Amino acid sequence: GSGKVTATPEQGDVEFLSPVIIGGQTMNMDFDSGSSDLWVFNTQLAAASQAGHTNFDVAKSTTFKMLTGSTFTISYGDGSGAAGNVGTDTVNIGGATVTSQAIELATAVSASFVQDTQSNGLVGLAFSKLNTVKPAQQKTFFDNAKDTLAMPVFTADLRKAAVGAYEFGAIDSTKFNGSLSWAAVNTTSGFWQFSSQKFQVGTGTAMNVAGGQAIADTGTTLMLVNAAVVNAYYSQVTGAVNNQTVGGVTFPCNSQLPDLSVDVGGNYMAVVRGDDINFAPVDQAGTTCFGGVQAIASNLQIYGDIMFKSQFVAFNNGNNSIGMAPHQ
Ligand SMILES: Cc1ccc(-c2noc([C@H]3C[C@@H](O)CN3)n2)cc1F
């Protein structure tokens, strides 16, 4: 079979939320191809943490089973995190169904999750080796579903300030231009990691980037790239400054931003539209804007939602590859 759900952007495209039916209860969740735990807001949490959220209630599910003695603790790249206990239940994502999916029930969540009242948890879609459940590591929804899917793939069709889609088990070729370009994925890190050795600012010359690796991460809002890429890119933007106060590069909101092309697997240059790199104003007047491309200290670059807004992405666990093409 296959399953398809909407991916609805939060204000400012900070994250994208999709409906997941767990034990008959529908939860809007953040699909994250950069982690491998499925955890939910639930009625065990302190009332102050539950406030404003949809909270999964074990008592209202006739199919939930506790995994006695199992716990999870996860932390994300931005320092946020969650921890709690674990059970299993039936999970249905747009028709793709897993009957015994590990459901991680948070008993503690960090402030940024509490404040993000539209999101009621995460669905990890990286490789199961990153799952944090102890004593027995659990599998992701995709890992559990893939043998029953028509194809062992899922796709991300995320759109700037518009409703897109995640699909499991099929590739909808009406959603992208031309054909997908495929890159080999190195699964050693547990991420959807691929070679990305070159970049190009606007119509300039292609330049090499140190380390030359990147992961496709739907759970990261921006594109976090090598400092050399950031410097080369914003050197083409008049008035761009590294603004320590706001924590990254800003520029005048009326800037004409160049496209940024990044190499995927050595045979495709993914073009990220300049318009999408104008992420958000930092001041009330809306004169100074924060860049969607920012520096990361590590050599492993993180291509987040800023890239996904220009590229349709297919994640193939059949031959561990990642496919990309410009959105249709
Ligand atoms: C409030 C909040 C905070 C963080 C995240 C978050 N989700 O995925 C990720 C990235 C970074 C890497 O850890 C794996 N993917 N970050 C989501 C949130 F809703």
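Being a predicted model, the structure only gives us computed values, none of them experimental. Remember, it's 1-based here, ligands and their atoms both numbered in the order they're listed.
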Item to complete: Select one of side chain, backbone, both or neither to describe which atoms of L122 lie under 4.0 Å from any atom of ligand 1, heavy atoms only.
Response: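 The side chain, only.
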Worksheet item: Looking only at heavy atoms, is any part of S80 under 4.0 Å from ligand 1, and if so is it the side chain, the backbone, or both, or is it neither?
Response: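 Only the side chain of S80 comes within reach of ligand 1.
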Worksheet entry | Nearest-contact summary for atom 5 (C) of ligand 1 - protein heavy atom, Å |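 Checked against all protein heavy atoms, atom 5 (C) of ligand 1 sits closest to F113 CZ, 4.0 Å.
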Worksheet item: Considering only protein heavy atoms, which is closest to atom 14 (C) of ligand 1, and at what distance to one decimal place?
Response: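 Heavy-atom neighbour on the protein nearest atom 14 (C) of ligand 1: G34 O, 3.2 Å.
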In terms of side-chain heavy atoms, does [X] have a donor or acceptor partner in [Y] at a distance below 3.5 Å?
{"X": "K146", "Y": "N317", "answer": "yes"}
{"X": "N186", "Y": "T188", "answer": "yes"}
{"X": "S310", "Y": "D276", "answer": "yes"}

Worksheet item: Are any side-chain N or O atoms of Q294 and backbone N or O atoms of G248, one a donor and one an acceptor, separated by less than 3.5 Å?
Response: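 Looks like no, no N/O pair under 3.5 Å.
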Can you list the atoms of ligand 1 that are under 4.0 Å from a heavy atom of [X]?
{"X": "D30", "result": "17 (C), 19 (F)"}
{"X": "G77", "result": "11 (C), 12 (C), 13 (O)"}
{"X": "G219", "result": "6 (C), 7 (N), 8 (O), 9 (C), 10 (C), 16 (N)"}

Worksheet entry | Lys/Arg-Asp/Glu bridge criterion (N-O < 4.0 Å) met for D13, K160 |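 A salt bridge is absent here (no side-chain N lies under 4.0 Å from a carboxylate O).
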Fill in: Option set D217, L224, T218, criterion heavy-atom distance to atom 15 (N) of ligand 1, minimum
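Shortest heavy-atom distance from atom 15 (N) of ligand 1: D217.
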Practice prompt. Could you tell me whether some N/O pair between D32 and ligand 1 is separated by less than 3.5 angstrom?
Written response: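 Yes - when backbone and side-chain N and O of D32 are compared with those of ligand 1, one distance drops under 3.5 Å.
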Item to complete: Could you check whether the rings of F72 and W39 sit parallel, tilted or perpendicular, using 30° and 60° as the cut-offs?
Response: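 Ring orientation of F72 relative to W39: parallel.
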